[in-house]
Amino acid sequence: MYRTMLLGAVAAFCMAADGCEKYEIPKVTFTDADLVHVDAVGMTVDFDMELYNPNPRAVPLERVTYVLRIGAEPIVRGRTRLEGTLPAEGTLPVTVPVVLTWQSILSAEEAIRRLGGDIPYTFEGELYFDLRRLEVGRPAKIDLYYEGVLPIRDVLRDPSLLLRSEAVRRLAEIVLGQIFERPKERDEPPPRD
């Protein structure tokens, strides 16, 4: 009897609070990371993902927060507001553009020197859904993680970048070696007999 009353009270509370409907957190799959723009200031990488909503109700998107790291060094942190709604029992493509300046890339100079060439990175973050608009009472999030490689060697083949950016020249020195510095033999006076 007591157990029946307790279950009835819990059911009444859940109906009043509209909070007992179970929502599954949507799923995310990274589909690509494209280098879409390079100039004398930096580069833009578009992180493409596909979201899947297993729920019978559409889920409003809210924002993505992220950090991109080279080695253990955080190169850029950011936040992107998302518009739109993930359809009920459907999928939606989402793109998060991340702008990396050459100066921010150089902040990981030791890792770049150690890794050389094309530089591995990690993209970590959180994608938030606004479940408050569904009267569930709280935001929900998905953890994001992606590993990739910045194609620095390919980028450094553009001579116009080397001419227009001191930071790119510095990066080239690190990645490609000391090819832009004079040999030390010329800096030292000739030996005397």
Side-chain angles (χ1 to χ4, degrees), residues 25-52 59-84 86 92-132 138-181:
I25 299 299
K27 315 256 184 300
V28 64
T29 303
F30 279 89
T31 56
D32 208 355
D34 288 327
L35 181 61
V36 294
H37 180 77
V38 178
D39 62 20
V41 176
M43 63 176 73
T44 302
V45 179
D46 279 354
F47 289 91
D48 299 321
M49 54 192 90
E50 184 170 273
L51 303 177
Y52 169 68
V59 179
L61 302 177
E62 189 173 276
R63 71 184 182 279
V64 170
T65 59
Y66 59 84
V67 60
L68 189 136
R69 299 177 197 279
I70 293 176
E73 187 72 31
I75 300 305
V76 65
R77 296 177 189 275
R79 176 185 183 139
T80 300
R81 190 111 190 110
L82 297 176
E83 300 292 329
L86 181 55
L92 181 71
V94 171
T95 297
V96 177
V98 176
V99 177
L100 303 162
T101 66
W102 297 115
Q103 289 297 336
S104 67
I105 292 171
L106 281 172
S107 69
E109 182 173 338
E110 289 308 312
I112 293 168
R113 189 179 308 283
R114 199 173 54 253
L115 298 166
D118 294 337
I119 302 169
Y121 67 86
T122 57
F123 173 89
E124 301 170 44
E126 296 164 331
L127 189 148
Y128 289 87
F129 301 93
D130 191 358
L131 296 184
R132 292 173 294 207
R138 60 176 166 50
K141 67 178 180 171
I142 298 175
D143 290 332
L144 303 174
Y145 185 84
Y146 183 83
E147 293 180 344
V149 175
L150 293 175
I152 297 298
R153 283 186 192 261
D154 291 342
V155 170
L156 294 176
R157 290 186 178 140
D158 181 352
S160 67
L161 283 177
L162 293 168
L163 293 173
R164 295 182 308 168
S165 172
E166 178 64 34
V168 173
R169 285 191 296 276
R170 178 69 186 130
L171 187 60
E173 290 173 3
I174 296 167
V175 172
L176 302 176
Q178 305 299 324
I179 62 174
F180 296 106
E181 291 184 5

How many angstroms lie between atom CD of Glu110 and atom CD1 of Ile174, to the nearest 0.5 angstrom?
8.5 Å
Closest heavy-atom contact between Arg69 and Gly71?
CB-O, 3.7 Å
Is any side-chain heavy atom of Phe47 closer than 4.5 Å to a side-chain heavy atom of Val98?
yes
Side chains of Val28 and Val94: does their closest heavy-atom pair fall under 4.5 Å?
no
Can you measure from CD (Gln103) to OG1 (Thr101) and round to the nearest 0.5 angstrom?
6.5 Å
Indicate yes or no: at least one non-hydrogen side-chain atom of Leu161 is less than 4.5 angstrom from one of Leu156.
no
Answer yes or no: is there a side-chain heavy-atom contact under 4.5 Å between Phe129 and Leu61?
yes
Measure the spacing between CG of Leu144 and OG1 of Thr122 and express it to the nearest 0.5 Å.
12.5 Å
Are side-chain heavy atoms of Ile152 and Met43 found at a separation under 4.5 Å?
yes
Do Glu50 and Pro93 have side chains that approach each other closer than 4.5 Å (heavy atoms only, starting at C-beta)?
no
Thr31 side chain to Asp48 main-chain N or O, any donor-acceptor pair under 3.5 Å?
yes
Write down the atom of Ile105, the atom of Ile70, and the distance for their closest heavy-atom approach.
CG2-CD1, 4.2 Å
How many angstroms lie between atom CD1 of Ile112 and atom CG of Leu150, to the nearest 0.5 angstrom?
8.5 Å
Considering all heavy atoms of both residues, which atom of Met49 and which atom of Leu127 are nearest to each other, and what is their separation?
SD-CD1, 4.0 Å
Return the orientation label for the Tyr146 and Phe30 ring planes: parallel under 30°, perpendicular over 60°, tilted otherwise.
tilted
Answer yes when Glu109 and Arg113 have at least one side-chain N-carboxylate O distance shorter than 4.0 Å, and no when they do not.
yes
Smallest heavy-atom separation, Arg81 atom then Glu62 atom, equals NH1-O, 3.4 Å
Looking at every non-hydrogen atom in both residues, tell me the closest pair between Trp102 and Ala167 and how far apart they are.
CB-CB, 3.6 Å
Within this structure, what is the CD-CD1 distance for the pair Glu126 and Ile142, rounded to the nearest 0.5 Å?
11.0 Å
Backbone N or O of Asp34 within a donor-acceptor pair of the Asp32 side chain at under 3.5 Å?
no
Closest approach of Val155 to Leu35 (non-hydrogen atoms, all atoms of both residues):
CG2-CD2, 3.9 Å
Please round to the nearest 0.5 Å and tell me the distance separating atom CD of Glu147 and atom CD of Glu124.
9.0 Å
Flag, side chain of Arg169 to backbone of Leu162, donor-acceptor distance under 3.5 Å
yes
Can you find a pair of side-chain heavy atoms, one from Val76 and one from Val99, that are under 4.5 Å apart?
no
